[in-house]
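In what follows, a structure is listed as structure tokens, so that the remarks can point back to it.
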Amino acid sequence: MEDAQIIALYWARDEAAIRESERQYGRYCTAVAQNILHAPPDAEECVNDTWLHAWNVMPPQKPNRLQQFFARITRNLAIDRLRRHRSEKAGGGQLPLCLDELSEVIGEEQPFPEQLALRELLDRFLSALPDRQREMFLLRYWYLLPVRELAERFHTSEGAVKMSLSRIRRQLRDELEKEGYSV
Amino acid sequence: MKNSEKLLEAIGDVRGDLVPAPDREYPRSSRIYTVVGSICAALLIAGGGVLLYRSRGDKPDVRPESSVQQTDTTAGTSATQQTSQTTQITTQTEPPVIQPKEVIPLWQGMPDAADSDPKSGTDKITAARIDSGGAGLSGNIAVRSTDELNSAIPWEAAAACETLPVYWCIGTNGSYPPVYLTEEQMTEIGARAATALSVKVQTKQVQRIGDLTRDSADDRPYRVTLQCGDVTVEAAGDGEVDVTFKGGVQIPAEYQLPAEPTAEQEQAYLMWCAEQFADLLQMKAPAGYSVHSRNDSGALNAEYYLYDKADTPAQTLLNSTVRNVRITTENGSVQRLFILNPLIAAEYIGDYPIITEDEAKKQLTAQEQVTEADIAAVSLVYWYNVHQQGILPYYRFSVKADDNVLLADGLTAYAYCYVPAVREEFLEAEPAHPVQ
């Protein structure tokens with residue numbers, strides 16, 4: 001079923017919308033959640049919450065691309081879940097590691113760009129990166145994939161992945177500095 | 001929230017087309033693979049060229065200019081998909097789509113409930129009662145300030161009327177999708193749209209109820225899709241026409257919208273759209289408005305609508321809320337147009353007396369756990385929803401919701417609550433569908 005039809009089902013308050021969403025995008029969203037949570041039951045719950053959240057916002061929303069729309073919701077829900085887990089017990093997989101790495105880009109004491117300005121900057125910055133670098137960066141910080149898995153995917157060593165990510169973070173820090181946000 | 005967390009959150013909100021699939025495989029990039037790959041590619045190109053040359057030589061394409069490939073999804077894999085594996089030549093067994101040479105308004109010559117002679121409504125009608133957006137859940141729309149809840153729908157003049165017209169969707173039976181127009185009518189509407197956009201229909205695909213329900217015996221068509229090069233025109237059973245532009249229609253620099261546009265910028269953009277698509281939309285007095293909401297992170301989601309101003313407040317309200325055009329924009333270009341006209345598949349029931357905004361507010365606060373303080377905005381709208389056959393006016397209240405869990409700081413969630421504007425004595429006792 002096409003996106004427009006699934007969206008129409010949501011707008012019609014037809015529960016078939018959830019079945020179709022699950023059928024079309026369940027696997028994809030599970031992959032997104034699983035990459036972040038590394039716990040199949042949690043990932044499954046996150047994906048179920050995704051459809052519920054989508055049900056909540058459609059209508060009035062009519063997303064252009066459901067895959068991205070669902071993936072974004074799943075990611076946010078998974079990160080929230082991970083935060084809760086983290087506060088309950090030490091550890092928490094890749095999230096703290098990724099946050100540590102990103103703290104190199106902008107210090108905690110600095111004024112932070114407004115979210116919208118930052119999003120535009122990130123869009124510009126990432127669009128300008130070579131495909132391979134951009135995808136490595138987003139697999140790490142969008143999907144929170146472990147460095148080891150990135151190394152396997154890109155057929156390289158963990159050290160090479162860390163080096164590449166470090167270079168990209170430095171470039172991003174330079175971009176932020178150009179915009180007046182000193183680190 | 002720490003800066004690194006804010007950055008991580010912002011990364012999650014980058015443009016969707018930049019984000020790779022989570023399971024994407026990356027090829028090895030060593031020299032030997034590159035060389036072998038290049039050789040294989042060269043051989044494939046050469047081989048493909050020979051095959052293409054042979055197929056063209058054997059069977060020249062003799063289709064007339066107006067003919068199209070006809071595919072039908074009820075047959076499983078479409079004929080187009082099957083033939084595209086081997087050759088571009090198809091046997092034309094169905095009547096071709098004949099495009100009009102001149103621009104014709106999309107629904108001209110088809111019965112339009114809006115053209116009926118006025119009469120007083122006497123029959124009782126069913127209406128969706130107060131509904132917080134489905135499933136009893138709230139948090140439908142998030143905004144930074146209540147000003148963002150007020151769109152420029154021209155409703156006050158209609159609310160001052162004593163009566164407003166009510167229509168009944170013939171093609172809707174409480175399930176999706178509506179089936180009313182015939183395949184021929186949908187094809188005709190789509191072909192008119194193609195001509196108005198100066199594109200030629202290349203293929204036609206018919207979608208049937210059986211495709212959705214897996215009940216192959218139900219072959220009623222509910223949508224016709226015409227592929228016209230980079231433009232896709234879909235005509236639906238309830239008169240809706242969706243146009244998708246592959247790659248989009250570039251918006252000139254002076255009409256580009258920034259992330260946080262002003263009302264003037266939005267109006268200028270909407271009027272550019274009205275002019276750009278004038279042949280397709282055929283509006284005598286185009287007007288437009290935007291509806292603002294924000295995503296979980298606070299980024300603006302603006303929806304843009306065009307409609308035709310009419311001679312009466314009632315028709316203007318109808319045009320602005322259910323006979324309108326929604327425009328989606330992405331990356332500085334117009335991507336899709338959703339042209340709605342449910343009255344093409346409806347009948348006129350009559351004019352019914354309506355209640356005032358205050359009366360509707362009293363109903364809302366009496367029936368739901370809503371206080372006046374929770375109500376942030378109100379407007380009068382015609383609300384078309386395939387679960388209800390009636391197309392009638394409702395007061396739509398934006399009511400503060402308590403679902404703010406996923407929202408960024410400074411955002412507040414509101415739910416839409418609808419109260420029928422038709423006087424209570426004309427409404428059926430039972431709601432058309434219960435509040436879930």
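Letters A, B, ... mirror the listed sequences (proteins, then strands); counts begin at 1.
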_B:Ser4 and A:Asp100: CA distance, side-chain angles, deciding distance, side chain to side chain contact (heavy atoms under 4.5 Å, CB included) verdict_ = CA-CA 7 Å; B:Ser4 53; A:Asp100 282 350; over 6 Å; no
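- Between B:Leu7 and A:Tyr141, every side-chain heavy-atom pair lies at or beyond the 4.5 Å cut-off.
- Only the side chain of B:Glu260 comes within less than 4.5 Å of a heavy atom of chain A; its backbone N, CA, C and O stay farther away.
- Here the SG-CD distance, from A:Cys98 to B:Glu5, works out to 12.0 Å after rounding to the nearest 0.5 Å.
- The most heavy-atom pairs under 4.5 Å with chain B, out of A:Leu172, A:Asp123, A:Leu144, A:Leu138, come from A:Asp123.
- The part of A:Glu120 that comes within reach of chain B is its side chain, from C-beta onward, which places non-hydrogen atoms under 4.5 angstrom from that chain.
- For chain B, no part of A:Leu129 is nearby; none of its heavy atoms comes within less than 4.5 Å.
- Annotation: side chain of B:Val19 is not in contact with side chain of A:Gln68 (no heavy-atom distance under 4.5 Å).
- In this structure, A:Arg75 and B:Asp13 have side chains that are not in contact, with every pair of non-hydrogen atoms separated by 4.5 Å or more.
- The minimum heavy-atom distance linking B:Ala299 with A:Arg119 is given by the pair CB-NH1, 3.4 Å.
- Interface remark: A:Phe137 contributes side-chain atoms only to the contact with chain B (heavy atom separation under 4.5 Å).
- Contact record, A:Arg72 with B:Gly16: NH2-N, 3.6 Å, taken as the closest heavy-atom pair.
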*Dump the intermediate steps for side chain to side chain contact (heavy atoms under 4.5 Å, CB included) on B:Ile11 and A:Leu102, then the final yes or no.*
CA-CA 11 Å; B:Ile11 291 170; A:Leu102 289 175; 4.1 Å; yes
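- One finds the CG atom of A:Leu99 at 11.5 Å from the CG atom of B:Asn3 (value rounded to the nearest 0.5 Å).
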